[in-house]
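Below is one structure, written out as structure tokens, with a few remarks after it.
Computed from heavy atoms alone, side chains included, the values below leave out hydrogens, waters and symmetry copies. The first residue in the sequence is number 1, and the count goes up from there.
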Amino acid sequence: MATPPQLTPEQRTAALAKAAEARAARADIKARLKMGSMSLQEALDSDDPNVGKLKVVSMLESLPGVGKVKARRVMDDVGIADNRRVQGLGAQQRASLLNQLGS
């Protein structure tokens, strides 16, 4: 197993701040999906790198009316692995998700 790199306290602080910023951005995206101010189509078409780094299951669970069971069932139907991120989806997978979940 690889050992983590040795960081100075300043580098560690900067890395922690960067990670917190990314988590906050992903939480904001999921909140917008939950409130309906961002549609699944907009999320899939977005150029935002924070959207691309979201796990697909997390994005689907953020949609109104979609819970953990439905999100996993849709992913199984479409053939998307549990650990797949939005940026790793193919064109057919994106089209199938939009077909099954609309909007």
Side-chain angles (χ1 to χ4, degrees):
M1 188 163 144
T3 59
Q6 296 298 319
L7 301 176
T8 64
E10 294 82 22
Q11 289 173 323
R12 180 168 171 74
T13 302
L16 288 172
K18 185 177 176 183
E21 184 179 314
R23 281 193 301 272
R26 289 193 301 267
D28 180 56
I29 292 164
K30 289 191 284 186
R32 287 189 297 167
L33 284 167
K34 177 78 67 192
M35 292 185 321
S37 62
M38 175 185 257
S39 69
L40 180 60
Q41 174 80 52
E42 291 170 340
L44 291 174
D45 292 342
S46 175
D47 293 337
D48 185 353
N50 291 312
V51 173
K53 291 181 180 176
L54 261 178
K55 287 193 172 183
V56 175
V57 68
S58 178
M59 180 179 70
L60 296 181
E61 288 173 1
S62 298
L63 294 171
V66 179
K68 292 181 181 218
V69 173
K70 186 172 182 179
R72 281 172 175 70
R73 187 177 56 221
V74 167
M75 288 182 61
D76 284 344
D77 290 348
V78 176
I80 300 172
D82 285 346
N83 59 353
R84 179 69 61 188
R85 295 187 186 271
V86 173
Q87 65 189 2
L89 290 174
Q92 291 182 352
Q93 290 173 325
R94 289 172 187 257
S96 293
L97 282 178
L98 289 172
N99 235 3
Q100 293 215 6
L101 297 172
S103 59

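Contact check for Arg85 versus Val56: no side-chain heavy atoms found under the 4.5 Å cut-off. Side-chain contact between Glu42 and Leu33: absent, with no pair of heavy atoms (C-beta onward) separated by less than 4.5 Å.
With rounding to the nearest 0.5 angstrom, the CG atom of Leu54 is 5.5 Å from the CD1 atom of Ile29. Distance check: Leu40 CG to Leu98 CG gives 5.0 Å after rounding to the nearest 0.5 Å. Gln100 contributes atom CD, which lies 9.0 Å from atom CZ of Arg73 (distance to the nearest 0.5 angstrom).
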Go through the steps to decide whether Val51 and Gln87 satisfy the test side-chain contact (heavy atoms from CB on, under 4.5 Å), and finish with yes or no. CA-CA 8 Å; Val51 173; Gln87 65 189 2; over 6 Å; no
Quick one: do Asp82 and Val57 satisfy side-chain contact (heavy atoms from CB on, under 4.5 Å)? Show the steps, please. CA-CA 7 Å; Asp82 285 346; Val57 68; 5.8 Å; no
Run the side-chain contact (heavy atoms from CB on, under 4.5 Å) check on Leu60 and Leu97 step by step: do they pass? CA-CA 9 Å; Leu60 296 181; Leu97 282 178; 4.0 Å; yes
Could you walk me through whether Lys70 and Leu101 pass the side-chain contact (heavy atoms from CB on, under 4.5 Å) check? CA-CA 10 Å; Lys70 186 172 182 179; Leu101 297 172; 4.2 Å; yes
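For Arg32, the salt bridge (Lys or Arg N to Asp or Glu O under 4.0 Å) partners at least two apart in sequence or on another chain are Asp28. Every residue was checked against the side chain to side chain donor-acceptor pair (under 3.5 Å) condition with Asp47, not counting sequence neighbours, and none meets it. For the side chain to side chain donor-acceptor pair (under 3.5 Å) test, residues two or more places apart in sequence or in another chain that qualify with Gln11 are Thr8. Under the salt bridge (Lys or Arg N to Asp or Glu O under 4.0 Å) criterion, Asp77 pairs with no residue, sequence neighbours left out.
Among residue pairs with one or both ends in residues 53-65, those qualifying as side-chain hydrogen bond (donor to acceptor under 3.5 Å, both in side chains) are Lys30-Ser58, Glu61-Arg72; sequence neighbours excluded. Among residue pairs with one or both ends in residues 90-102, none qualify as salt bridge (Lys or Arg N to Asp or Glu O under 4.0 Å); sequence neighbours excluded.
With hydrogens and angles disregarded, a donor-acceptor distance shorter than 3.5 Å links the side chain of Gln93 to the backbone of Gly90.
Contact between Met38 and Ala43 at its shortest, heavy atoms only, is SD-CB, 4.0 Å.
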